[in-house]
Asker: 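Pasting in a structure now, in structure tokens, and then I'll have a few things to ask.
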Amino acid sequence: MKGWMGKFRAIALLGLMSLVLSACGKENLTALDPKGYGADQSLYLIILSTVIMLFVLAIVMIVYTIVLIRYRKKKGQEDYIPKQVEGNKTLETVWTIIPIILLLIIAVPTITATFDLADESAASDSLNVEVTGNQYWWHFNYEGQEIQTSQDLYVPVGEKVYLNMMSSDVIHSFWVPSISGKMDVNPENENTMYIQAQEEGVYWGKCAEFCGPSHSLMDFKVIAVSQEEFDQWVEDMQNVNPEAEPESTVAQEGKSLFQENNCMSCHAIGSSPAQIGPNLTNFGDRSTLAGVEDLSKENLVDWIMDPESLKPGNKMTGNYPEVSEDEAGKIAEYLMQLEPSEITPESAGTE
Amino acid sequence: MSTVASQKRGFGEVLWDYLTTVDHKKIAHLYLFGGGFFFLLGGLEAMAIRIQLIQPENDFVSAGFYNELLTMHGTTMIFLAAMPLIFALMNAVIPLQIGARDVAFPFLNSLGLWLFILGGILLNCSWFLGGAPDAGWTSYTPLSVTSPGHGVDFYVLGLQITGAGTLIAGINFLVTIINMRAPGMTYMRMPLFTWTTFVTSTLILFAFPALTIGLFLLMFDRMFGSAFFDVGLGGNSIIWQHLFWIFGHPEVYILILPAFGIFSDIIAANSKKRLFGYTAMVFATILIAFLGFMVWAHHMFTVGLGPVANSIFAIATMAIAVPTGIKIFNWLATMWGGRITINSAMLWALGFIPTFTMGGMTGVMVASVVADYQYHDTYFVVAHFHYVIVGGTIFGIFAGLHYWWPKMFGRVLHEGMGKLTFWTFLIGFHLTFFIQHFLGLMGMPRRYWVFLEGQGLDTGNLISTIGAFFMAFGVIVMLVNVVYTAVKGEKAVDDPWDGRTLEWTIASPPPHYNFKQAPLVRGLDPLWIEKTEGKGNVTPAEPLDDIHMPNSSFLPFLMSVGLFIAGFGFIYQVDYGWAYILLFGGMAMTLACMLIRSLKDDHGYHIPKVELEREAD
């Protein structure tokens, strides 16, 4: 009986371990294959609590199986009346005390990790990024660096990056599963957390708090690069001249169309702070268009012609004069050449 | 029921009877049909959601419509299906289990029912009047305040009316159980379903006012220009979350505790044993209810409350696992050494134990704060609460329906079809939701209208959708079963399951006065005591005498219709001046009915002793 139980537990554990080790899902997204400190802490607690709880489940299932096999009504038992048992103090105490001990085993590391991840003591000497959640895109302001980006967050690998987060409209939630757990982005108070990527890579981030029709399309990327590459990126971004004339004539026409159509009343290029629409300084370097589409000129033209078809409920629809496909193409040409840095998602290794 | 019942009655007569009834057994039927209808509606919404998610970037429904579907699925299932179906069972069974002739306030019982039905209809009218609510069943502000159209207004008014009905029903059961127990039925002799109903009613009494206040604040913000939740004007949008979850977390226990009671009764009856550790079960129930009020902020671990608050709420949440564990082991111990009969009702109870244990274990996992940073608002949580609410409450409702159907309708549900429903639903359920634990950890947040290609989420979602079809099939078989039973079902005897409690001592279905004479209760499981002592039935506690019965009344229906009309008035006064006619007209109608009720003496009527004696012959 005891050996059988031991085997059952071993199998359950093995099954769980194989699930974790085989790393379900895409490595840029899954919480089961952590590439950052916060995600590491979470996975440790996920495994610990799963193992303990599977142990409890195993015991329940063993008793359950025995009961069903042994005490099911059999032929010839029609008149059998079982003993009417009141209860059993010892048994009931046992199944009160043991769960309390098991819960303590989970509770202690949980609280330690909770305080650990809320520790902000090193924030003043580290890189701080102001994160603003908007329907349905993300704005990043590198505090003290005069760098503004949208959708792509570049961070140096191995460093703690402190995020100071607020929303400009409704509640969002910042979540990059493979680096860290999530934190809500509220309109009234600044929430803070830190992320620390342990490996270079492009990590997929998602909005986890229901925020409207395009909630499921509010993706962003965290791009972890080496410290040298990050320094290079910072320098490149700081040297951007928002007034610079594009090289090709098509792009030049695009630039003037961009200005004529008042795109700048919502968007910004350069180090202006968050506006109604995303900052487009390094648009051509982005990994995706609007967080979800491949970054190609065709898709961008479609987007400019009809943003609604790609992201329902976004605030761009209907807020600028109608443009022809030809004009949209020129604007797209202009935006696509906004590539201020050599450091792009490709620099992070995997894409 | 002398000559009237034996004659065939016309449709109009039956309709009028049900519109005016104050009989708890007929009100139980109405809760069952109302709740059942909304259960099917919520199920259709669920199927649309799963079809949309059958493949990446599907376009079966639009983003806006999808949000309406998910909001209405949650709202409908919680407020308009699960709770009313539980009320159906409570109404059908509680007065019988405690040996009473009716609930304490029959008129209020009817009012609570009609408020639920008309509130539910008002909520669903939104589908036809420019769009259903689309801010999630939790309606988090500021999204719900800024949501365009009238969808969220219907949510606010519909739930306010339905919620008033629930509060009334809760108070009614509380008073009934305190005051109407048969002689000898002390608190510690009450069946577990009565106990859990009692505790649940207490939860309703304390939890629903929080929802009422929250809905009022939201209503004022949306319709009358206040700014409770508007950050720009000094409000705070997080307050909604606190109010909602101070209601919402106990709501989870409002749903699950009655199911625990149902399973306790069914497991004891079908194992031929008294409930193991009865006292522990009662105290575990009370403890769960108490702790249920202490843990609301575990829905808000990622809101930014800070590590101290998060830790306290994590520990409090984990503590709930202890009394819940006690219950699970006591059920197992009840079956241990017993003689287990497996019928459809027992199958649901047996399916419940592993399913709910899994839901409970993910509950502890979710309580572990830092782990929750990954689970929160993902499909892991979707899986967790479906394991608890479907694996607990819905299994409990199905178990209770199969168990008490003979008592409610005088016919036994077809066993074969009952078992087919169970197996398809159980397999479909695990197929749908087990995989969602992994989907969540693989990066799929909840309430996603589409998931993108190439993110490793395709297979899991496909399996989940296939499972949903199995569940739908199971429910369809159940419907066929109900129709089949109504037409050709086997007539039920008084005590078809060899039961242990008072409801099995009277006819199936019971006469409208329930007990001719109040029974004398000599211990836990009174019928069982009499059976083991070789007596056929429970000894009466009083001589046969005239029975006092309440009169039927049309007022509860009219009062609810008044509020229903006023609901439209509140919603449309924002756009149109004429809506004030509806607003004031509706309110006037309700108030007039209340006035009539207050001024008109209604003493009810008596069933004379002679007639009762004649029936016995």
Side-chain angles (χ1 to χ4, degrees), chain A residues 24-26 29-32 41-42 45-46 49-50 53 56-57 60-61 63-64 67 71-73 77 80-82 84-85 87 92 95-96 99-100 103 106-107 110-111 113-115 117-118 170-171 173 177 181-184 186-188 191 206 208-216 292 312, chain B residues 63-64 67 136 140 142-143 146 231 236-238 272-274 276-277 280 302-304 306-307 310-311 314-315 318 321-322 325-326 328-329 332-333 335-341 353-354 357-358 361 364-365 368-371 373-374 376-377 438 441-443 445 447-450 452 455-456:
Chain A
C24 293
K26 276 276 184 263
L29 185 63
T30 179
L32 294 170
Q41 296 283 301
S42 294
L45 280 167
I46 290 170
S49 54
T50 309
M53 287 294 121
V56 175
L57 180 68
V60 169
M61 288 315 291
V63 178
Y64 178 84
V67 162
Y71 299 109
R72 209 173 151 179
K73 184 168 109 184
Q77 269 198 334
Y80 169 71
I81 292 176
Q84 304 293 303
V85 187
E92 288 172 60
W95 58 57
T96 309
I100 292 178
L103 289 177
I106 302 175
T110 296
I111 291 170
T114 307
F115 279 89
L117 290 184
V170 302
I171 299 171
S173 192
K182 57 186 79 66
M183 177 64 92
D184 286 3
N186 300 324
E188 54 256 294
N191 274 343
K206 289 184 173 291
E209 183 62 66
F210 187 49
C211 59
S214 282
H215 169 52
S216 56
V292 288
Chain B
N67 290 347
Y140 274 15
L143 183 66
T146 52
V231 182
N236 186 316
S237 68
I238 307 295
K272 294 277 162 294
K273 272 184 71 192
R274 64 165 275 159
F276 188 91
T302 67
V303 166
N310 277 0
S311 300
I315 302 293
M318 287 182 195
V322 177
I326 293 175
I328 296 274
F329 285 110
L332 291 173
M335 292 191 282
W336 189 283
R339 200 206 72 189
I340 303 169
T341 311
I353 289 178
T357 307
M358 286 167 73
M361 62 180 265
V364 173
M365 291 165 71
S368 178
V369 183
V370 172
Y373 294 163
Q374 294 285 20
H376 185 85
D377 264 335
F438 297 94
L441 286 168
M442 282 151 62
R447 294 166 169 164
Y448 262 32
W449 156 57
V450 285
L452 302 178
Q455 299 200 333

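The sequence lines fix the lettering, A, B, ..., with proteins before strands; numbering per chain opens at 1. Remember, it's a predicted structure, so these values are computed and weren't measured experimentally.
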Asker: Looking at every non-hydrogen atom in both residues, tell me the closest pair between A:I111 and B:S311 and how far apart they are.
Answerer: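 Smallest heavy-atom distance, with atoms named: CG2-OG, 3.8 Å.
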Asker: Would you say A:V170 and B:Y140 make side-chain contact, with heavy atoms under 4.5 Å?
Answerer: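 A side-chain contact under 4.5 Å is absent here.
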Asker: Select one option (side chain, backbone, both, neither) describing which atoms of B:L143 are under 4.5 Å from chain A's heavy atoms.
Answerer: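 Backbone plus side chain of B:L143, per the 4.5 Å heavy-atom cut-off to chain A.
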Asker: How close do A:L103 and B:A321 get, counting heavy atoms only, and between which atoms?
Answerer: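 Closest approach of A:L103 to B:A321, heavy atoms only: CD1-CB, 4.1 Å.
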Asker: Taking side chain as C-beta onward, heavy atoms only, is A:L117 less than 4.5 Å from B:V369?
Answerer: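 With C-beta onward as the side chain, the pair stays apart.
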Asker: Considering only heavy atoms, which portion of B:V450 lies under 4.5 Å from any heavy atom of chain A: side chain, backbone, both, or neither?
Answerer: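 Both parts, heavy atoms under 4.5 Å.
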Asker: Using non-hydrogen atoms and a 4.5 Å limit, figure out which bit of B:L441 sits close to chain A: side chain, backbone, both or neither.
Answerer: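 Contact with chain A: backbone and side chain both.
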Asker: Which bit of B:V370 is near chain A, if near means a heavy-atom gap under 4.5 Å: side chain, backbone, both or neither?
Answerer: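 Its backbone and side chain both get close to chain A.
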Asker: List in chain and number order the residues that pass ring pair (Phe, Tyr, Trp, His ring centres under 6.0 Å) with B:F329, two or more places apart in sequence or in another chain; answer none if no residue qualifies.
Answerer: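 Testing B:F329 for ring pair (Phe, Tyr, Trp, His ring centres under 6.0 Å), a comparison that skips the adjacent residues, returns A:W95.
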Asker: Write down the atom of B:R274, the atom of A:V85, and the distance for their closest heavy-atom approach.
Answerer: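 Heavy atoms of B:R274 and A:V85 come nearest at CG-O, 3.3 Å.
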Asker: Does any backbone or side-chain atom of A:I81 lie under 4.5 Å from a heavy atom of chain B? Answer side chain, backbone, both or neither.
Answerer: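 The answer is the side chain of A:I81.
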Asker: Hey, what do you get for CE (B:M365) to CE (A:M53), rounding to the nearest 0.5 Å?
Answerer: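 The CE atom of B:M365 sits 9.0 Å away from the CE atom of A:M53.
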Asker: Relative to chain A, which of B:A333, B:G456, B:P354 shows the most heavy atom pairs under 4.5 Å?
Answerer: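 Of the options given, most contacts go to B:P354.
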Asker: Tell me, do B:S237 and A:I171 make a side-chain contact under 4.5 Å, heavy atoms counted?
Answerer: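 Counting from C-beta outward, B:S237 and A:I171 do come under 4.5 Å.
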Asker: Is there a donor-acceptor contact under 3.5 Å from the side chain of B:Q374 to the main chain of A:P177?
Answerer: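 Yes; judged by distance alone, with no hydrogens or angles, the pair exists.
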Asker: Mind ranking A:P99, A:S173, A:G212 by heavy-atom pairs under 4.5 Å with chain B and telling me who comes out on top?
Answerer: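 Between A:P99, A:S173, A:G212, the count favours A:G212.
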Asker: Using a cut-off of under 4.5 Å on heavy-atom pairs, state which of B:I353, B:N310, B:N236, B:I328 scores highest against chain A.
Answerer: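 Option with the greatest count: B:N236.
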Asker: For A:P312, what residues pass the side-chain contact (heavy atoms from CB on, under 4.5 Å) criterion, not counting sequence neighbours?
Answerer: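 Checked A:P312 against side-chain contact (heavy atoms from CB on, under 4.5 Å); matches are A:P213, A:S214, A:L217, A:E308, B:A63, B:W449.
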Asker: Could you tell me whether the side chain of B:M318 reaches within less than 4.5 Å of the side chain of A:T110, counting heavy atoms only?
Answerer: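 Answer yes - side chains close enough.
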Asker: Of the listed residues (A:G87, A:S216, A:G181), which shares the most heavy-atom pairs with chain B below a 4.5 Å separation?
Answerer: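 If we count pairs closer than 4.5 Å to chain B, A:S216 comes out on top.
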Asker: Has B:Q455 got a side-chain atom pairing as donor or acceptor with A:G25's backbone, closer than 3.5 angstrom?
Answerer: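 Pair absent, no side-chain N/O of B:Q455 close to backbone of A:G25.
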Asker: Nearest 0.5 Å please: distance from the OG1 atom of A:T50 over to the CE atom of B:M361.
Answerer: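 Reported value, rounded in 0.5 Å steps: 6.5 Å.
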Asker: Looking only at heavy atoms, what is the nearest atom pair of B:P142 and A:P187, with distance?
Answerer: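 What the structure gives for the nearest pair is CG-CG, 3.8 Å.
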Asker: What's the shortest heavy-atom distance between A:K206 and B:P445, and which atoms?
Answerer: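 Minimum heavy-atom separation between A:K206 and B:P445: CD-CD, 3.7 Å.
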Asker: Looking only at heavy atoms and a cut-off of under 4.5 Å, which of A:V56, A:N186, A:I106 has the most pairs with chain B?
Answerer: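 If we count pairs closer than 4.5 Å to chain B, A:N186 comes out on top.
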Asker: Measure distances from B:T146 to the heavy atoms of chain A and classify the residue's part below 4.5 Å as side chain, backbone, both or neither.
Answerer: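 Just its side chain gets close to chain A.
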Asker: Honestly, is B:R339 close enough over A:Y80, meaning NZ or CZ under 6.0 Å from the six-membered ring centre and within 45° of the axis?
Answerer: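 Checked: cation-pi criterion not met.
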Asker: Could you state the interatomic distance from OH (B:Y373) to CD1 (A:I46), rounded to the nearest 0.5 Å?
Answerer: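 Going from the OH atom of B:Y373 to the CD1 atom of A:I46 covers 13.0 Å.
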Asker: Where do A:N191 and B:T302 come nearest, in terms of heavy atoms and distance?
Answerer: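 So the minimum-distance heavy-atom pair works out to ND2-O, 4.5 Å.
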Asker: Looking at chain B, which one of A:Q84, A:Q41, A:H215 has the largest number of heavy-atom pairs inside 4.5 Å, strictly under?
Answerer: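 Sorted descending by pairs with chain B, the first entry is A:Q84.
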Asker: For A:E188, is it the side chain, the backbone, both or neither that has a heavy atom under 4.5 Å from a heavy atom of chain B?
Answerer: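 Looking at A:E188, backbone and side chain both touch chain B.
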